[in-house]
Amino acid sequence: MEEETAADFTIQKKHQAMLDRLSNRHQNRTTKSTAATSATTTASLLSKFTESKNSIESQLSDTSNLTAATTDPSLIKSHLLNISSSISSLEQLIAENSYILPSYELRFWLKTVSDLKQSLENLNSNLIPKKKFSFKNKPASSPKPETNRTEIPKTETPNQNPLIIRDSPGIRGKENEILTHNFNCSPAGEFTLQNLDSCEVRLIGCVNAIFINNLRNCKVYGGPVVGSILIEGVEDCVFVLASHQIRIHYAKGSDFYLRVRSRPIIEDCGGVRFGPYCLRYEGVEDDLKRAGLEEESGNWSNVDDFKWLRAAQSPNWCVLEENERIGVVELKELGCGN
């Protein structure tokens, strides 16, 4: 009887050892398969990125040929807008895949896009000079010849690299207003908020990208963005936003309540604070799921300051203390009218 028990134990031990070997073999195959799939995906993305980058560089180079062949400003502007659209598409590709890219690769790609945008900004400034924006209308009476100047806000934030004025749908040039837009009723691929002073902006539904430029003392509450949000030149504002990628330039004294798939990026900012996304409206959970943002990643507090290269915490941003946060923002009865 003891011999049979010992034999059974030996058989069970061999059987378990065989199962362990099979399990380890399967695990190794799964790991190799996952690594191969990841490598294939990254290689495919690199191919798309390189192809797009080369195409944009070619378009930038062709600009000199175009300006030599024509003096029609509408053709030149259309050409520059096409380049801007190509850069936006490249940014969206990065935003949608940033969570699977190695950090060094992501930084390099973002730097490449920044250089492309700078090249386009230089062309845009040289070929189509911008007019300065005024929040307030001039008096109806004829101005004196020696004081015929364009009025600018006294609190204008220094903005070394202003965003190109886009032809996308959006809200521009408003002051002291409550402004709404429902993307479920009026879809848009891209949406722009520009030159707003002391306004409250309420956006619901999904959109592919949002561009925000030159806002003062505003509150912006937005539903999820499938791609990226680019913010530049804002002061004393509150933003409640959700997106795959968010980049913030030249922000001062502003609070950001975010849900973001990759780490938020700030450049040339000061006194900016961060908290978790806190927007509620009917259907927001469905919109977050549709945008792939249904899960809270916690990245709202993992901010990258690209102008602070030291190991110590950047002094330009901080996490909002819980007792200083605004709490849940409820948007109700937001219909299809703007």
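We're numbering straight along the sequence, starting at 1.
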Contact check, side chains of L120 and L80, non-hydrogen atoms, under 4.5 Å: yes

Student check: side-chain heavy atoms of L241 and I231 closer than 4.5 Å: yes

Could you tell me whether the side chains of N195 and N214 share a donor-acceptor contact shorter than 3.5 Å? yes

Between I204 and V284, does the side-chain contact (heavy atoms from CB on, under 4.5 Å) criterion hold? Intermediate values first, please. CA-CA 8 Å; I204 70 170; V284 66; over 6 Å; no

Taking atom CD of E296 as the centre, report whether more than 12 heavy atoms of other residues, nucleotides or ligands fall under 6.0 Å from it. yes

Please confirm whether the backbone N or O of E57 pairs with a side-chain atom of S61, one donor and one acceptor, at under 3.5 Å? yes

So, taking the atom named CD1 in I178 and the one named NZ in K219, what distance separates them when rounded to the nearest 0.5 Å? 9.5 Å

For N217 and C237 the tightest heavy-atom approach is N-SG, 3.6 Å

Got a second to check how far I212's CD1 is from E232's CD, nearest 0.5 Å? 11.5 Å

Can you see which heavy atom on I56 is nearest to which on I83, and at what distance? CG2-CG2, 4.2 Å

Mind running side-chain contact (heavy atoms from CB on, under 4.5 Å) on I248 and V272 for me, showing each step along the way? CA-CA 10 Å; I248 304 165; V272 293; 5.6 Å; no

Answer whether the closest heavy-atom distance between the side chains of T180 and R202 falls below 4.5 Å. yes

Derivation of the salt bridge (charged side-chain N to carboxylate O under 4.0 Å, His left out) call for K289 and E285: CA-CA 6 Å; K289 186 174 182 180; E285 295 300 333; over 6 Å; no

Heavy-atom closest pair, residues L258 and W300: O-CB, 3.3 Å

Derivation of the salt bridge (charged side-chain N to carboxylate O under 4.0 Å, His left out) call for D115 and K111: CA-CA 6 Å; D115 291 343; K111 177 64 166 59; 3.0 Å; yes

Between E267 and F306, which heavy-atom pair has the shortest distance, and what is it? CG-CB, 3.6 Å

In short, L60 meets S119 closest at the heavy-atom pair CD1-CB, 4.0 Å

Donor-acceptor pair, side chain of S297 and main chain of V260, under 3.5 angstrom: yes

Please work out which of the three classes, parallel, tilted or perpendicular, describes the rings of F274 and W317, given edges at 30° and 60°. perpendicular

Nearest 0.5 Å, please: how far is CG in D62 from OG in S58? 4.5 Å

Non-hydrogen side-chain atoms of V329 and Y257 separated by less than 4.5 Å: no

Would you compute the distance between atom CD of Q194 and atom CZ of R172 and round it to the nearest 0.5 angstrom? 6.0 Å

Whether the side chain of S89 engages the backbone of I87 through a donor-acceptor N/O pair (distance < 3.5 Å, no angle test) should be reported. no

Are any non-hydrogen side-chain atoms of I210 and L203 less than 4.5 angstrom apart? yes

Sidechain-backbone polar pair: D304 side chain, I265 backbone, donor-acceptor under 3.5 Å: no

So does E324 have more than 12 non-hydrogen atoms from other groups sitting under 6.0 Å from CD? yes

Taking NZ, NE, NH1 and NH2 as the nitrogens, is one of them in R216 or D197 under 4.0 Å from a carboxylate oxygen of the other? no

Got more than 12 heavy atoms from elsewhere within 6.0 Å of CD, E177? yes

How many angstroms lie between CD1 in I246 and NE2 in H244, if you round to the nearest 0.5 Å? 11.0 Å

If you take the centroid of each ring, where Trp contributes its six-membered ring, are F183 and F191 closer together than 6.0 Å? yes

Which is it for S86 and Q59 under the side-chain contact (heavy atoms from CB on, under 4.5 Å) test, yes or no, and what are the steps along the way? CA-CA 10 Å; S86 298; Q59 288 177 286; 3.3 Å; yes

Please lay out, stage by stage, how L90 and L116 fare under the test side-chain contact (heavy atoms from CB on, under 4.5 Å). CA-CA 10 Å; L90 184 59; L116 292 173; 4.0 Å; yes

Check whether any side-chain heavy atom of C278 lies under 4.5 Å from a side-chain heavy atom of I326, and answer yes or no. yes

Pairwise side-chain contact, L45 with W109, heavy-atom cut-off 4.5 Å (strictly under): yes

Work out which heavy atom in L293 is nearest to a heavy atom in A242; give both atom names and the distance. CD1-C, 3.9 Å

Would you call D287-R290 a salt bridge at under 4.0 Å N-O? yes

With a 4.0 Å cut-off, would you call E121 and K117 a salt bridge? no

From CZ (R247) to NE2 (H249), nearest 0.5 Å: 4.0 Å

Using modelled atom types and a 3.5 Å cut-off, is there a donor and acceptor pairing between side-chain atoms of T112 and backbone atoms of F108? yes

L215 side chain reached by F239 side chain, heavy atoms, under 4.5 Å: yes

